[in-house]
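Here is the structure we will look at.
When a residue number appears, it is its place in the shown sequence, counting from 1.
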Amino acid sequence: IRNAGMEPLGAYANAAEFKKNGGFIIREVQGIRIAIVAFTKGMDNMALPTGSEKCVNLLYNDYSSRYVDVNTEGITDILSRVEKEKPDVTIVLLHWGSEFNDTRSTSQNKIRDLLLANGVDAIIGTHSHYVQQITFDEATGQFVAYSLGDFFGDGERGGTNYSIILDMEITKDYDTGVTKITDYSYVPIYTLAENQCDGFRRVVRIEQAMIAYNTNYVDKVTDTAYAGMEKAMVRIPERLTPPATE
């Protein structure tokens, strides 16, 4: 990852590396200091070797078995380190929830509340392979995307071949010193199988791909893929909208 010019997040070569960076990174973008943290629910039921407990930012103490005992101490320890750096915005990336399941567990709600109560502005989740709810509090700027779905899906299960690219607007008021998330939007995307377009597995923007189909563009998607995109354009907003009871 580093050889590609990027920085790994939430996983470390050893405990000393974790201690050095505190479990997070901070990047300044257009004058805004953004702290980014990542946590995972587990590692396919594998356990960390003794002495390597700090090599992964974990959401649960029972991360290799039941995923119910929230790692409150570990999570708040990292977030307290973040707070000392006084970022303008803190974004947390979560690998959480159950695969191919829309049900949100009690522990997920506990984790969400814990993060938001400890200075987190945005939670962006993955792992279920489905697009899930987005909630946004305009007054506080707190934003939660429970799952964006798969950017590059295999499409073997219904609902896994479409997802979204998220765009969050962050505004810094230099008069008041307040920085918060002020808006968001998204781009619906779709993973095409090799036999659905030009012989290559591709990720396409749904709206543009549908326009190309309707104008008989060269290498347009198949009829089956187009029908799937039509369904996705209905299902995505439905999935993103919280139920009326929430």
Side-chain angles (χ1 to χ4, degrees), residues 1-44 46 48-49 52-60 63 71 74-75 77-97 99 111 115 118-132 134 143-154 160-170 172 179 181 184-191 200-205:
I1 292 173
R2 289 188 174 122
N3 288 342
M6 299 183 290
E7 183 65 20
L9 186 64
Y12 309 94
N14 49 54
E17 185 175 283
F18 167 84
K19 185 176 181 181
K20 181 179 179 180
N21 76 4
F24 63 94
I25 62 172
I26 290 185
R27 294 290 183 265
E28 185 167 319
V29 182
Q30 298 181 18
I32 299 176
R33 281 169 51 82
I34 302 173
I36 310 174
V37 193
F39 292 92
T40 182
K41 65 178 292 185
M43 298 161 290
D44 280 340
M46 294 184 291
L48 289 165
S52 301
E53 291 82 3
K54 292 292 187 180
C55 288
V56 177
N57 291 352
L58 294 165
L59 289 173
Y60 297 96
Y63 64 90
N71 182 20
I75 294 169
D77 176 60
I78 291 175
L79 293 180
S80 67
R81 295 169 187 247
V82 172
E83 186 179 12
K84 290 177 183 177
E85 297 298 320
K86 301 187 183 302
D88 294 309
V89 170
T90 299
I91 299 173
V92 173
L93 311 177
L94 297 183
H95 176 254
W96 66 344
E99 289 185 302
I111 290 166
L115 295 174
N118 282 272
V120 172
D121 299 283
I123 298 170
I124 301 175
T126 60
H127 179 61
S128 70
H129 305 288
Y130 290 158
V131 176
Q132 294 180 338
I134 285 180
F143 177 94
V144 181
Y146 290 96
S147 174
L148 300 183
D150 293 338
F151 178 82
F152 188 75
D154 60 21
T160 63
N161 50 1
Y162 60 81
S163 56
I164 62 171
I165 297 174
L166 178 67
D167 184 10
M168 289 192 307
E169 176 185 83
I170 301 172
K172 184 169 187 175
T179 304
I181 297 163
Y184 76 94
S185 60
Y186 63 88
V187 176
I189 58 174
Y190 196 93
T191 300
F200 295 93
R201 182 168 290 263
R202 295 187 182 278
V203 176
V204 297
R205 291 170 292 177

Using modelled atom types and a 3.5 Å cut-off, is there a donor and acceptor pairing between side-chain atoms of N161 and backbone atoms of Y190? no

Side chains of D167 and V187, heavy atoms from C-beta outward: is any pair under 4.5 Å? no

Do V37 and V120 make a side-chain contact, defined as non-hydrogen atoms from C-beta onward lying under 4.5 Å apart? no

Do side-chain atoms of K172 reach the backbone of G31 as a donor and acceptor pair under 3.5 angstrom? yes

Under 3.5 Å, side chain of D121 to main-chain N/O of I181, donor-acceptor pair present? no

With a 4.5 Å cut-off on side-chain heavy atoms, are V131 and Y186 touching? no

Between D44 and M46 (side chain of the first, backbone of the second, donor and acceptor by atom type, cut-off under 3.5 Å), is there such a pair? no

Residues two or more places apart in sequence or in another chain: which of them pass side-chain contact (heavy atoms from CB on, under 4.5 Å) with R81? F18, F24, D77

If we check side-chain contact (heavy atoms from CB on, under 4.5 Å) with F39, which of these qualifies: I111, L59, L9, L58? L59

Below 4.5 Å, heavy atoms only, C-beta onward: do Y12 and K20 meet side chain to side chain? no

Quick one: does any side-chain atom of R201 pair with a main-chain N or O of F152 as donor and acceptor, under 3.5 Å? no

The criterion is ring-ring contact (aromatic ring centres under 6.0 Å, His included); which residues satisfy it with F143, sequence neighbours excluded? Y184

Side chain of T191, backbone of G153: donor and acceptor closer than 3.5 Å? yes

Point-to-point distance, once rounded to the nearest 0.5 Å, from OG of S147 to CG of D150: 7.5 Å

T160 side chain near Y130 side chain, heavy-atom distance below 4.5 Å: yes

Considering the options V82, I34, I32, which one meets the side-chain contact (heavy atoms from CB on, under 4.5 Å) requirement together with P87? V82

Heavy-atom distance under 4.5 Å between the side chains of L94 and L115, does that happen here? yes

Measure the OG-CG distance between S52 and N14 for me, rounded to the nearest 0.5 Å. 8.5 Å

Keeping K41 on the side-chain end and Y60 on the backbone end, is there a donor-acceptor pair under 3.5 Å? no

Let me confirm one number: the OG1-CG distance from T90 to L79, rounded to the nearest 0.5 Å. 7.5 Å

Are the side chains of N71 and Y63 in touch, meaning some heavy atoms are under 4.5 Å apart? no

What closest approach, in Å, do M43 and V56 show between heavy atoms, and which atom pair accounts for it? SD-CG2, 3.8 Å

